[in-house]
Every structure is written in structure tokens, then in C-alpha cells.
Amino acid sequence: MSYVKVSVSKPGSNMGVGGNKKDKITLFDFDDVLTFPARDSKGILINDNIIFKPGAYSITLYVTQNTIKSNPKTEGDPDNKGIIQTLTFDHPGDEKEILEFRANWMNRNIGAIIERCSDGRKTLYGNPCAPLQMQFDHTDDKDKNATTFTLASAQKGPDQAIYNGTVTLE
């Protein structure tokens, strides 16, 4: 039986206090994308929709708000720089759904969208030519039971984008 992508909801009733980001990150597999929209002439704004192949969609993953960190940085020799995008965040617990997510999203070419609480602005990370790849580290000790995820560009590419398109969910 093959894995079916599903959203991973928040376990329990703890409502974390965080920054100006929602507690869900939207993730999609670039292999599911039929058409990826172009950026505007300034290279940041995407006004059109990501179009998925038939039957394909994005998922949401609950994350602890105050653990969401974006860390894009330049890399490369002089006159040959690009950007490595990096996102880190925690998901509490070790329920079956998060274990299945970890096992089945490894080695995928991932795009991620984070929405701001105050204005609904969506920031898109990853690009078809510089997708994000997942790594994780799970801790289960006296202080916490959580998975810390790191999504990082597989290679140099453009900066994060502001995505004004729609988000297609299951």
C-alpha cells in the first residue's frame, strides 16, 4: 500500500505563542506541479497560481509557531553567488502521522508556504530548479518530545518569493 499525503494537525490542546506566522506550513512536492508560475520582473512577487497535476495537492503541517525560522543566505564565489533558502521548525509529539510524514517526504523536492497572521501574506520557499530537501532530528527526553525539521535548498537559487496565488489543498 502506498502512502497517501495528508495534513498533519496539531496534537493536544496547547496553543503556543509565536511571532507573526500561522502555526501551519503548507508543503507541496515539486513532482506534483504541472505549471509553476513565473516571478514578476523584480524577481520576488508571484501573482499567478501554482497548477498541480490532476489529483495532486498541497498539505499542511502543524508547527510550533515560535520555532519557525527562515534563514536564507548567499553562497558562492564572487560574481557567482546564489541563495540557499533554509527553514527550520518543530512539530510536537511522535504520533503515527508525523512518523509517516517523516518517512515518506524524505528525498522529495519540496516547496513550502508560510502565511503571516497580521496581513495574510504568503512567503514561498523553494523553486523548481532549487527545491528544498528535508532533514529532521527527533528529540524525546525529559524536556521535550518533538521533531525539528530543516528544509534547505538542494542548490543555489533565487530568494524566497511573495506568493499571491491560491493554495490547493486536499
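Keep in mind that the numbers below use all heavy atoms, side chains included, and drop hydrogens, waters and symmetry copies. Residue numbers count from 1 along this sequence. Everything numeric in this text was worked out from a predicted model, so none of it was measured.
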Exercise for review: For the residue pair Asn49 and Pro37, establish whether any side-chain heavy-atom pair is separated by less than 4.5 Å.
Suggested key: no
**Study point:** Salt-bridge contact Glu115-Lys122 (side-chain N to carboxylate O under 4.0 Å)
**Key:** no
Review point. Which pair of heavy atoms, one from Ala130 and one from Gly157, lies closest together, and at what distance?
Key: CB-CA, 3.8 Å
Review point. Heavy-atom distance under 4.5 Å between the side chains of Glu170 and Ser7, does that happen here?
Key: yes
Point to revise | Residue Asp79 excluded, over 12 heavy atoms near CG under 6.0 Å | key: no
**Study point:** From CA spacing to verdict: side chain to side chain contact (heavy atoms under 4.5 Å, CB included), Leu61, Lys24
**Key:** CA-CA 5 Å; Leu61 176 69; Lys24 289 181 178 62; over 6 Å; no
Review point. Is there a path from Ile110 to Ile113 through hydrophobic residues (I, L, V, M, F, W, Y) whose side chains come within less than 4.5 Å of each other?
Key: no
Check your understanding: Can Met106 and Phe101 be said to form a side chain to side chain contact (heavy atoms under 4.5 Å, CB included), step by step?
Key -> CA-CA 8 Å; Met106 262 190 304; Phe101 171 81; over 6 Å; no
Exercise for review: Kindly say whether Tyr62 contributes a backbone atom to a donor-acceptor pair with the side chain of Asp23 at under 3.5 angstrom?
Suggested key: no
Point to revise | Flag for His91-Thr147: side-chain donor and acceptor within less than 3.5 Å | key: no
Revision key, fill the gap. Tightest non-hydrogen contact, residues Asp119 and Arg116, listed as OD1-CB, 3.3 Å
Check your understanding: Yes or no on side chain to side chain donor-acceptor pair (under 3.5 Å) for Asn107 and Gln133, after CA distance, side-chain angles and deciding distance?
Key -> CA-CA 6 Å; Asn107 301 316; Gln133 293 278 315; over 6 Å; no
Check your understanding: Out of curiosity, does Val167 fall in the hydrophobic cluster containing Ile51 (side-chain heavy atoms, cut-off under 4.5 Å, transitive links)?
Key -> no
Exercise for review: Report yes if the side chains of Thr150 and Thr86 come closer than 4.5 Å at any heavy-atom pair, otherwise no.
Suggested key: yes
Exercise for review: Could you tell me whether Lys144 and Asp90 make a salt bridge, using a distance below 4.0 angstrom between a side-chain N and a carboxylate O?
Suggested key: yes
Practice item. Decide whether Ile44 and Ile114 are clustered together by the hydrophobic rule: side chain heavy atoms of Ile, Leu, Val, Met, Phe, Trp, Tyr closer than 4.5 Å, transitively. Key: no
Exercise for review: Answer yes if Tyr163 and Phe36 sit in the same cluster of Ile, Leu, Val, Met, Phe, Trp and Tyr residues linked by side chain heavy atoms under 4.5 Å apart, and no otherwise.
Suggested key: yes
Review point. Backbone N or O of Ser118 within a donor-acceptor pair of the Asn20 side chain at under 3.5 Å?
Key: yes
Exercise for review: Begin from the C-alpha positions of Cys117 and Gln65 and carry the test side chain to side chain contact (heavy atoms under 4.5 Å, CB included) through to its verdict.
Suggested key: CA-CA 11 Å; Cys117 294; Gln65 279 179 312; 4.1 Å; yes
Point to revise | Lys81 side chain vs Lys156 backbone, donor-acceptor pair below 3.5 Å | key: no
Check your understanding: Stepwise, does the side chain to side chain donor-acceptor pair (under 3.5 Å) test hold for Thr148 with Asp137?
Key -> CA-CA 5 Å; Thr148 300; Asp137 181 24; 5.8 Å; no
Review point. Looking at CG of Asp140 and CG of Asn145, how far apart are the two atoms once the value is rounded to the nearest 0.5 Å?
Key: 4.0 Å
**Study point:** Gln85 (side chain) donor-acceptor with Pro158 (main chain) under 3.5 angstrom
**Key:** yes
Check your understanding: Looking only at heavy atoms, which two atoms of Ala146 and Pro92 are closest? And how far apart?
Key -> CB-CA, 4.0 Å
Exercise for review: Compute the ring centroids of Phe28 and Tyr57, then answer whether they are less than 6.0 Å apart.
Suggested key: no
Study note, to complete from the structure: dist Met134:CE -> Arg108:CZ (nearest 0.5 Å) comes out at 9.0 Å
Exercise for review: Go through Ser153 and Leu132 one step at a time and tell me if the side chain to side chain contact (heavy atoms under 4.5 Å, CB included) criterion holds.
Suggested key: CA-CA 4 Å; Ser153 301; Leu132 305 177; 4.0 Å; yes
Review point. Under a 4.5 Å side-chain heavy-atom rule over Ile, Leu, Val, Met, Phe, Trp and Tyr, are Leu124 and Ile68 clustered together?
Key: no
Review point. Between Phe89 and Phe149, is the ring centre distance below 6.0 Å?
Key: yes
Review point. What heavy-atom pair brings Thr139 and Asp141 nearest, and what distance separates the two atoms?
Key: CG2-OD2, 3.5 Å
Check your understanding: Taking everything shown except Gln135 itself, do over 12 heavy atoms lie less than 6.0 Å from its CD?
Key -> no
Practice item. Can you see which heavy atom on Phe30 is nearest to which on Gly126, and at what distance? Key: CZ-C, 3.8 Å
**Study point:** Side-chain touch Asn109/Asp31, heavy atoms, less than 4.5 angstrom
**Key:** yes
Point to revise | Euclidean distance, Leu45 CG relative to Ile162 CD1, rounded to 0.5 Å | key: 6.0 Å
Point to revise | Thr26 side chain near Leu169 side chain, heavy-atom distance below 4.5 Å | key: yes
Exercise for review: Would you indicate whether Lys69, at its atom NZ, is surrounded by more than 12 heavy atoms from other residues, nucleotides or ligands within a distance under 6.0 Å?
Suggested key: no
Exercise for review: Find the distance between SG (Cys129) and CD (Gln155) and round it off to the nearest 0.5 Å.
Suggested key: 7.5 Å
**Study point:** Atom pair OG1/CD1 of Thr168 and Ile59 - distance to nearest 0.5 Å
**Key:** 14.0 Å
**Study point:** Salt-bridge present (Lys53, Asp32; N to O < 4.0 Å)
**Key:** no
**Study point:** Sidechain-backbone polar pair: Asn80 side chain, Gly76 backbone, donor-acceptor under 3.5 Å
**Key:** no
Check your understanding: Under 3.5 Å, side chain of Tyr125 to main-chain N/O of Leu151, donor-acceptor pair present?
Key -> no
Review point. Say you draw a straight line from CD1 of Ile50 to OG of Ser58; how long is it, rounded to the nearest 0.5 Å?
Key: 6.5 Å
Practice item. Taking Asp40 for its side chain and Gly43 for its backbone only, find out whether a donor-acceptor pair lies under 3.5 Å. Key: yes
